[in-house]
Amino acid sequence: MAANATHELLTPLTGVRANLEEAHMHPEDAPVAVHNALYTLRRLEAIVADLIVLTLIPGRPDGVNQSMDLACLVAADVARRQSSRIRPPCHIQMELTKGAIVDGSFSLLTRIVTTLIDHAAAFAATRVSVAVLRHGRSVMLSVSNDGDVIREDDRERIFEPFHQRDTDRRTTYGATGVGLTVAREITEAYGGNIRVENVHPGVRFLVRLPFSSSEAAEEESSEGRRPVHSPA
C-alpha cells in the first residue's frame with residue numbers, strides 16, 4: 001500500500017507544480033492555471049484525510065458514539081447534494097424506513113453514506129437508488145445505480161486501496177482511491193459488513209450494521225413491561 005500511496009500523492013503534486021510553472025511562464029493564463037492547481041490540491045487534501053482515517057479506524061472508531069437514524073443521515077446527504085449541485089449530477093431515488101437506528105460516530109457513519117453514494121453516482125448512467133430498512137437486529141443500507149456491472153474478480157478488489165476501476169472517471173470526480181476501503185473499515189469496526197453485487201441494470205452495495213444496542217434494550221424492556229392478561 002505504501003508504494004501505491006506514494007504514487008497517488010506524487011501524481012497530484014506533479015500536477016500542481018506544472019500548473020504553477022505554467023502560470024509563471026504565461027501570466028495571461030494564470031487564472032486558469034491557479035484554478036486547476038487549487039482543484040488538484042483539494043483532491044490531494046482528500047487523499048491525505050482518507051489515509052489518516054484509514055490508519056485510525058481498525059478496532060477503535062474515533063468520535064463519541066451515539067444512537068442515530070441511518071435514514072436521516074441518507075436524507076441529509078441527498079438534500080446537501082441537491083442544494084449544492086454536487087457532481088456528478090444524477091437522479092437519486094430514496095426508500096427510507098425510519099427507526100433504522102445504529103450506534104456510532106456521526107462523522108464516520110456519514111462517511112459510509114457519502115462514499116457509497118459518491119461511488120454509485122460516479123458510475124451511474126442516469127440514476128442512483130438508496131434504501132434504508134431495519135431487518136430484525138440489523139439495519140440495512142442499499143446503494144445501487146444503473147451503470148456498468150463489476151466483474152466478479154473485481155468485486156473484492158474494489159475495496160483495496162487505490163484499486164483502479166476507472167482512473168479517468170475517479171480523477172474527474174475527485175475520488176481519492178481509498179473511499180471504499182475506508183467505508184469497509186468503518187463498517188467492520190462497528191460489527192457490520194459490506195458487499196457488492198451486480199443487479200439489472202448496474203451495481204448494488206449492501207451494508208449491514210447492528211441495530212442500536214440501547215434501542216434494542218429499550219424495546220426488550222418495553223416488551224417486558226407489557227401487561228399479561230390472564231385468560232377468562
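The list of salt bridge (charged side-chain N to carboxylate O under 4.0 Å, His left out) pairs with a residue in residues 25-38, not counting sequence neighbours, is empty.
Legend: residues meeting side chain to side chain donor-acceptor pair (under 3.5 Å) with D103, ordered by chain and number and at least two apart, are S67, S212, S213. With sequence neighbours excluded, the residues forming a side chain to side chain donor-acceptor pair (under 3.5 Å) with R127 are S129, listed by chain and number. In this structure, the side chain to side chain contact (heavy atoms under 4.5 Å, CB included) partners of N36, at least two apart in sequence or on a different chain, are N19, V32. Among residues two or more places apart in sequence or in another chain, the salt bridge (Lys or Arg N to Asp or Glu O under 4.0 Å) test is passed with E21 by R17. Partners of A100 according to the side chain to side chain contact (heavy atoms under 4.5 Å, CB included) rule, which considers only residues two or more places apart in sequence or in another chain, are D69, V132, V139. For A75, the side chain to side chain contact (heavy atoms under 4.5 Å, CB included) partners at least two apart in sequence or on another chain are L96. With sequence neighbours left out, R204 forms a salt bridge (Lys or Arg N to Asp or Glu O under 4.0 Å) with E197. With sequence neighbours left out, the salt bridge (Lys or Arg N to Asp or Glu O under 4.0 Å) criterion links E156 to R184. Partners of A216 according to the side chain to side chain contact (heavy atoms under 4.5 Å, CB included) rule, which considers only residues two or more places apart in sequence or in another chain, are R137, F211. Partners of T187 by side chain to side chain donor-acceptor pair (under 3.5 Å), not counting sequence neighbours: none found.
Side-chain atoms of N145 come within 3.5 Å of backbone N or O of V203 as a donor-acceptor pair. Proximity of a side-chain donor or acceptor of N198 to a complementary backbone N or O of V149 within less than 3.5 Å is not detected. A donor-acceptor contact shorter than 3.5 Å is absent between the side chain of D146 and the backbone of P201.
Put simply, M94 and V199 are part of two different groups of oily side chains (I, L, V, M, F, W, Y) that touch within less than 4.5 Å, one to the next. Put simply, M68 and L133 are part of two different groups of oily side chains (I, L, V, M, F, W, Y) that touch within less than 4.5 Å, one to the next.
With V78 as the partner, the side-chain contact (heavy atoms from CB on, under 4.5 Å) test is satisfied by one option alone out of V113, I92, V128, L73: I92.
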message = One pair to check against side chain to side chain contact (heavy atoms under 4.5 Å, CB included): R111 and V182. What are the steps and the verdict?
response = CA-CA 8 Å; R111 185 179 285 262; V182 171; 3.4 Å; yes
inquiry  = Set out, in order, the CA-CA distance, both residues' side-chain angles and the distance that settles side chain to side chain contact (heavy atoms under 4.5 Å, CB included) for Y190 and V102, then state yes or no.
reply    = CA-CA 9 Å; Y190 284 130; V102 294; over 6 Å; no
inquiry  = Apply side chain to side chain contact (heavy atoms under 4.5 Å, CB included) to residues R157 and R155 and explain how you reach the verdict.
reply    = CA-CA 6 Å; R157 282 187 288 190; R155 291 179 204 166; over 6 Å; no
task = Quick one: do T114 and R80 satisfy side chain to side chain contact (heavy atoms under 4.5 Å, CB included)? Show the steps, please.
result = CA-CA 10 Å; T114 300; R80 177 178 60 88; 3.9 Å; yes
task = Show your reasoning for whether salt bridge (Lys or Arg N to Asp or Glu O under 4.0 Å) applies to R81 and D118.
result = CA-CA 10 Å; R81 292 167 188 275; D118 279 346; 2.8 Å; yes
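In this structure, the side chains of V130 and L141 come closer than 4.5 Å at one or more pairs of heavy atoms. Between N193 and L209, the closest side-chain pair of non-hydrogen atoms is not below 4.5 Å. Annotation: side chain of H119 is not in contact with side chain of I117 (no heavy-atom distance under 4.5 Å). Side-chain contact between I194 and F159: present, with at least one pair of heavy atoms (C-beta onward) separated by less than 4.5 Å.
One distance of note links CG of L109 with SG of C72; it measures 12.5 Å at 0.5 Å rounding. Rounding to the nearest 0.5 Å gives a distance of 10.5 Å between OG1 of T115 and CZ of F205.
Hydrophobic cluster of L206: no remaining members, since no ILVMFWY side chain lies below 4.5 Å from it.
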